[in-house]
Structures are given as C-alpha cells and as structure tokens.
Amino acid sequence: MTTPPARYDATRHPDLLVWLAERRDAFESWARDAGGVDRFDFSDASLDALENLVKERFAAPEEITAQRRSPFVQGAVWYIGETLCRRRAGWVWSFEPDVDFGLLPVFYPAVPDPALLDTPCVGAPGAEPGEHWYPLNTLRRLLTTEDEFGDPVDERLVGMVDGWYEGDDEEEDRADDEA
C-alpha cells in the first residue's frame, strides 16, 4: 500500500488502465460463456440475465468475495460498471484511495482486506471519495437477504443501477413538487 501522489488521477491508475483493457478485450468471450454475446447489450434485460446467472452460481456474498478474481466475476464487475458509464453521461472508471487513510491499496489483491476499497469503481469525474459505485459490492448485494437490522432485502440489479443515478434527482424533484 502506498500513499498516492498529491496529483493522483484516479482515472489513470496504471493497474486500472490495464484491467480495463483486459476486460474490454475479454468481453465478447465472457459474454459468450455467460449465455451469448447478443444477450449482453447493456440493456435492463441483460442486467436481469446477469442477476440470474449470479444467483445461479453463488449462494452467498462471501462466495463472490472468494471468487472476485475469477473470469466470471471480473467480467460481471466490468459489465455493471460499464453499463453505468454508458447510461450516465460523463461517468468514468476510477481506482480511489482509501477514504479514511488516504492510502492507495493494491489493485485487486489475491486476499482482500475488508477494511480497504481495493477494486475499481465508477462515478462522475471529480466525485469525492465515497461517492462512487463499486460494482463488486453490487454483485454481493444481490445475494444479501437481510439488512443490518435483520429486515428482509430483495434488491434487483436493474433497480440498483437505475436507483443509483436517477433516484436522488427524482426524490429532489418530488420534494420540490410537494413543497
């Protein structure tokens, strides 16, 4: 783990750039293995298909964490993030320093450190740390059955993706309309 330079550009981290190029190059093969290239067109239907595949392959979030460097999970992470980048104008991939300590963790280490954010994320350029979407966490959330209070959770991937970038504006608009 290193301290990022003062002029650190989270969108230009060398490991992130390599990972993005590898994922783009592997997308067609990943999509074919996951059910067909035509099936994965960044639509809501494709997000439903991905959600179903994740739920067929994994029983718990910890299984995704254990297999986070596998080709399937890596492809799914890229696909979710790329879908958000394509749907939300200006969003970009980045690799952010740890919010609390300002340290730059190892990019996708073999053994994850639960205290650090060590995977790529997407968000608006210039977004503050903590204002990014972490696709790996999205995959894990698909398998979460209850929240921290023990209440049942039944989130859909499409709803998570749509809710992330549309929900805040819609809620503000509704509040303005009601006022």
Non-hydrogen atoms of Phe42 and Arg86 that approach each other most closely: CE1-NH1, 3.0 Å
Main-chain N/O of Asp147 paired with Asp151 side-chain donor or acceptor, under 3.5 Å: no
Closest approach of Pro135 to Pro120 (non-hydrogen atoms, all atoms of both residues): CD-O, 3.6 Å
Phe72 side, atom CZ; Ile64 side, atom CD1 - distance, nearest 0.5 Å: 8.0 Å
CA sep, side-chain torsions, deciding dist, call: Phe95, Asp15, side-chain contact (heavy atoms from CB on, under 4.5 Å): CA-CA 9 Å; Phe95 184 61; Asp15 292 337; over 6 Å; no
Straight-line distance of Leu53 CG to Phe58 CZ, nearest 0.5 Å: 10.0 Å
Step-by-step side-chain contact (heavy atoms from CB on, under 4.5 Å) determination, Val122 to Tyr134: CA-CA 7 Å; Val122 295; Tyr134 286 83; over 6 Å; no
Arg12 atom CZ, over 12 foreign heavy atoms within 6.0 Å: no
Short side-chain to backbone donor-acceptor contact, Ser29 and Ala26, under 3.5 Å: no
Gln74 vs Trp30, side-chain contact (heavy atoms from CB on, under 4.5 Å): CA-CA, chis, key distance, verdict: CA-CA 9 Å; Gln74 290 285 293; Trp30 174 87; over 6 Å; no
Reported OG1-to-CZ distance for the pair Thr119 and Phe107, which is rounded to 0.5 angstrom: 7.5 Å
Aromatic ring proximity Trp93/Trp19, centre distance under 6.0 Å: yes
ILVMFWY network linking Val18 to Val92, side-chain heavy atoms under 4.5 angstrom: no
Sidechain N-carboxylate O distance under 4.0 Å for Arg68, Asp118: yes
N/O donor-acceptor pair under 3.5 Å between Glu51 side chain and Leu157 backbone: yes
Salt bridge (charged side-chain N to carboxylate O under 4.0 Å, His left out) between Arg156 and Asp162, intermediate numbers included: CA-CA 10 Å; Arg156 303 285 305 176; Asp162 287 342; over 6 Å; no
Chi angles and distances behind the side-chain contact (heavy atoms from CB on, under 4.5 Å) call for Glu155, Leu142: CA-CA 6 Å; Glu155 289 188 286; Leu142 287 174; 5.7 Å; no
Straight-line distance of Glu96 CD to Leu16 CG, nearest 0.5 Å: 10.0 Å
CG-CD distance between Leu20 and Glu82, expressed to the nearest 0.5 angstrom: 7.5 Å
Taking every non-hydrogen atom, the tightest pair across Trp133 and Leu84: CD1-CD1, 3.1 Å
Phe27 ring center within less than 6.0 Å of Phe40 ring center: no
Donor-acceptor pair, side chain of Glu28 and main chain of Val37, under 3.5 angstrom: no
Considering all heavy atoms, the nearest Ala76-Leu139 contact: CB-CD1, 3.8 Å
For the student: nearest non-hydrogen atoms of Ala124 and His132, plus distance: O-NE2, 4.5 Å
Any Pro112 side-chain heavy atom under 4.5 Å of Thr65 side chain: yes
Nearest heavy-atom neighbours spanning Arg87 and Ser43: NH2-C, 3.3 Å
Approximate separation, where rounding is to 0.5 Å, of Arg140 CZ and Leu136 CG: 4.0 Å
Atom CG of Asp38: over 12 foreign heavy atoms under 6.0 Å: no
Residue pair Pro14 / Leu17, side-chain heavy-atom distance below 4.5 Å: no
Beyond-backbone contact of Val161 with Leu47, side-chain heavy atoms, under 4.5 angstrom: yes
